[in-house]
Amino acid sequence: MTTLHLYNTYSRKTEEFRSIHDKIVGLYVCGPTVYGPPHLGHVRGPVVFDVLRRYFLHLGYKVRHVRNITDVGHIVGDADDGEDKLQKQAALEQIQPMEVAQIYTLSYNEMIRQMNVLPPSIEPLASGHIIEQIEMIESIIKAGFAYEVHGSVYFDVIGYSKNHEYGKLSGRVLDDLMAGAGNESRELEGQDEKRNANDFALWKKATPEHIMQWSSPWGKGYPGWHIECSAMSRKYLGDTFDIHGGGMDLLFPHHTGEIAQSTACTGHNPANYWMHHNMITINGQKMAKSLNNGIQVTELFSGNHPLLEQAYSPMTLRFFILMAHYRGTLDFSNEALKAAEKGLQRLFNAAELAKNLVASDSSDFDIKSIETSIYASLNDDLNTPQAIAQLFEAARITNVVNDGKGKINAEGIQLLQHIFSEILTNILGIIPESNTSNNALDGVMQMLLNMRKQAKEEKNYALSDQIRNQLSELGFEIKDGKDGSSWSLV
RNA sequence: GGUCGGAUGGCCGAGUGGCUAGGCACAGGUCUGCAAAACCUUUUACAGCGGUUCGAAUCCGCUUCCGACCUCCA
């Protein structure tokens with residue numbers, strides 16, 4: 001494919017991407033609810049949409065990327081009291097709800113910064129857009145698609161579906177939803193106020209115990225879960241924008257609700273393309289509290305978790321995520337992560353070598369076709385694993401040429417360098433991680449390596465091996481190459 | 001129960017009718033005082049049964065298993 005195509009969940013087809021405005025893209029991605037530390041499930045979306053954004057930039061688009069922070073709690077479904085999720089956590093830790101939100105907003109942003117995810121253009125807080133949400137609810141009421149009961153406002157799903165396809169995005173039929181609704185133990189607060197069990201809250205009346213509540217035309221309360229994204233995407237990207245993204249778990253009800261709300265308000269679907277990344281699994285199982293396999297991102301980075309055999313770096317995690325296509329499930333295991341770690345190192349090594357290749361008059365390799373197929377892969381719904389496979393081919397060629405077992409001309413070298421710098425670094429966002437060492441440590445290590453080199457030259461292998469073995473015990477790995485030795489911390 | 005999506009070699013993971021995915025591991029080799037590292041080469045596959053076709057991992061049907069969602073979710 002020579003132009004970018006993306007899979008649109010709304011049409012269930014891969015479509016050619018065409019922006020509403022020439023060379024400008026509006027991208028809205030659902031961000032985290034900041035009530036707990038970020039776990040592995042939180043990282044995939046940011047990385048996937050970061051690559052999409054970087055690719056747009058590469059293609060010459062200007063991108064406005066909006067990613068919200070949900071700091072307004074929602075009803076807790078599995079609790080018996082329906083209290084605000086943020087409030088609950090706050091009570092547990094004896095701190096303010098906004099303090100909880102702040103702590104986890106910071107840790108979320110720190111996490112994705114380490115993974116080289118570009119910060120969004122705008123990162124709006126739900127709590128900072130209560131007025132916009134209230135205004136939107138009012139216009140939905142005015143349009144006749146919502147009703148107020150005892151200080152709460154609900155979206156009228158039945159009324160809406162008379163002239164709209166409510167369940168289209170998620171492939172659901174309203175009759176099925178109605179048959180399934182309310183047949184479980186799940187008892188939501190205010191369920192009996194609704195005209196229909198499928199109606200969802202736009203605004204919820206707050207009880208006095210609710211710390212987070214705001215004044216509204218319907219009394220003190222707080223916004224429903226879906227309205228924030230509708231209100232904020234509309235404010236910053238307009239009534240219609242290009243892409244709305246998120247996890248597949250948001251398909252229903254969140255994005256379904258968003259489409260209904262916006263349509264009720266503006267008359268049409270807010271986004272032209274709906275993109276959804278798949279979920280992750282751990283050792284083939286879903287990540288769940290009950291399975292005790294929930295891994296926090298900081299635990300992955302430190303290796304401090306019973307399921308982890310070692311620490312994995314942020315860049316390893318990023319690369320690992322991109323080795324799978326975003327619409328498939330992604331399985332975490334030590335074996336798979338280690339494979340990603342080693343493979344990534346191989347690419348980094350080759351990217352370094354490519355900077356110093358010697359040109360020949362002729363070339364044994366067709367680098368241009370590699371580049372072409374990389375772009376074809378990215379254009380095909382962001383097929384990063386295929387693109388990465390081609391990067392490994394470029395790495396292999398680089399190594400062969402570097403070993404003097406193949407020839408390449410100056411143009412080929414330039415292309416190789418371009419592939420590593422543009423594709424690997426700029427589009428995939430994979431950058432070498434700075435060594436955790438400092439200057440003093442570097443100096444000491446260089447000294448030891450020099451001493452060992454001298455011992456080797458004097459054929460004092462007892463001493464050279466002693467240096468290597470003792471360093472090894474301390475966790476340093478010594479690598480002897482043609483041009484001297486190097487070291488790394490294992 | 002309803003809806004949707006899966007099942008690919010030891011592990012991860014692309015591929016949608018004929019042509020090598022790729023990474024890691026394993027194995028062989030190069031290099032090396034030795035070892036490691038690095039590099040090169042390379043074997044094993046398409047859940048099961050049936051059908052369509054000259055030809056199926058790919059299309060169709062059935063079966064088995066797995067997952068997600070069904071008003072907290074990334």
Side-chain angles (χ1 to χ4, degrees), chain A residues 12 29-33 35 38-46 73-79 85 157 167 170-173 175-177 179-184 186 188 191 194 197-201 224-226 246-254 256-257 276-281 284-288 319-320 323-325 327-347 349-350 353 377 383-393 395-396 398-400 402-403 405-406 456 459 461 464-465 468-469 472 477-482 485-486 488:
Chain A
R12 307 211 169 253
V29 179
C30 289
T33 303
Y35 68 96
H39 57 69
L40 290 185
H42 287 113
V43 301
R44 195 173 192 187
H74 302 303
I75 307 298
V76 176
D78 53 358
K85 192 189 271 179
V157 170
S170 53
R172 266 155 234 257
V173 180
D175 288 346
D176 295 334
L177 288 171
N183 66 351
E184 305 209 352
R186 215 186 280 269
L188 285 169
Q191 194 72 299
K194 296 182 187 176
N198 290 292
D199 291 353
F200 57 88
W225 176 32
H226 318 307
M248 278 185 184
D249 52 339
L250 298 178
L251 229 39
F252 187 91
H254 185 56
T256 302
H276 295 91
H277 63 83
N278 215 318
M279 306 288 101
I280 65 151
T281 55
Q285 286 186 300
K286 68 170 174 176
M287 194 169 76
F319 185 64
F320 177 68
M323 288 225 300
H325 188 255
R327 285 197 290 119
T329 52
L330 173 66
D331 190 50
F332 278 75
S333 65
N334 281 288
E335 265 189 302
L337 283 162
K338 280 184 207 168
E341 184 179 53
K342 295 204 73 165
L344 179 60
Q345 198 54 51
R346 183 173 154 83
L347 287 182
N349 289 345
L353 287 177
S377 299
N383 194 328
T384 52
Q386 268 191 356
I388 287 171
Q390 292 300 313
L391 285 177
F392 278 109
E393 176 64 11
R396 200 197 107 247
T398 301
N399 289 327
V400 167
N402 185 60
D403 287 351
K405 290 171 183 164
K456 281 169 69 174
K459 299 210 188 298
Y461 295 124
S464 70
D465 286 354
R468 183 176 66 196
N469 293 340
S472 168
E477 185 177 45
I478 304 307
K479 300 166 184 172
D480 291 345
K482 273 182 181 163
S485 303
S486 63
S488 64

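The sequence lines fix the lettering, A, B, ..., with proteins before strands; numbering per chain opens at 1. Only a predicted model underlies this, so the values are computations on that prediction, with no experimental measurement involved.
With sequence neighbours excluded, no residue forms a side chain to side chain donor-acceptor pair (under 3.5 Å) with A:E335. With sequence neighbours left out, A:H277 forms a side chain to side chain donor-acceptor pair (under 3.5 Å) with no residue at all. With sequence neighbours excluded, no residue satisfies side chain to side chain donor-acceptor pair (under 3.5 Å) with A:D249. Judged as a salt bridge (Lys or Arg N to Asp or Glu O under 4.0 Å), and not counting sequence neighbours, the contacts of A:K479 are A:E477. Every residue meeting the side chain to side chain donor-acceptor pair (under 3.5 Å) condition with A:H254, not counting sequence neighbours, appears here in chain and number order: A:H226, A:E258. Residues satisfying the salt bridge (Lys or Arg N to Asp or Glu O under 4.0 Å) test with A:R327, not counting sequence neighbours, are A:D381. Applying the side-chain contact (heavy atoms from CB on, under 4.5 Å) criterion to A:T329, with sequence neighbours excluded, gives A:N278. Evaluation of the salt bridge (Lys or Arg N to Asp or Glu O under 4.0 Å) rule for A:D480 yields A:R452, A:K456 as partners, not counting sequence neighbours.
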What N/O pairs connect the protein and nucleotides 29-32 of chain B at under 3.5 Å? Give each pair on its own line.
none

Between the protein and nucleotides 6-13 of chain B, list the N/O to N/O atom pairs that are separated by less than 3.5 angstrom.
residue: B:C11; atom: O2'; partner: A:E335; partner atom: OE1; Å: 3.4
residue: B:G13; atom: OP1; partner: A:D331; partner atom: N; Å: 3.0

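If you check B:U71, B:A21, B:C39 against the side chain of A:A389, the one that comes closest is B:A21. Across B:C40, B:C34, B:U71, the shortest atom-to-atom separation from the side chain of A:V400 is found for B:C40.
Residue-nucleotide stacking is not present for A:F392 and B:G23, judged by a side-chain ring centre under 5.5 Å from the six-membered base ring centre and planes under 30° apart.
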Quiz: residues 383-391 of chain A side-chain donor-acceptor pairs under 3.5 angstrom, not counting sequence neighbours:
residue: A:N383; atom: OD1; partner: A:Q386; partner atom: N; Å: 3.2
residue: A:T384; atom: OG1; partner: A:L322; partner atom: O; Å: 2.7
residue: A:Q386; atom: OE1; partner: A:S377; partner atom: OG; Å: 3.2
residue: A:Q390; atom: OE1; partner: A:S373; partner atom: OG; Å: 3.2

## Note on the structure
Given Watson-Crick and G-U pairs under 3.5 Å, RNA chain B in dot-bracket ([ ] crossing, | other strand) is (((((((..(((.....[...)))..((((.......)))).....(((((..]....))))))))))))....
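Two residues, A:G328 and A:K338, neighbour RNA chain B, and the one matched to the more 5' nucleotide by heavy-atom proximity is A:G328.
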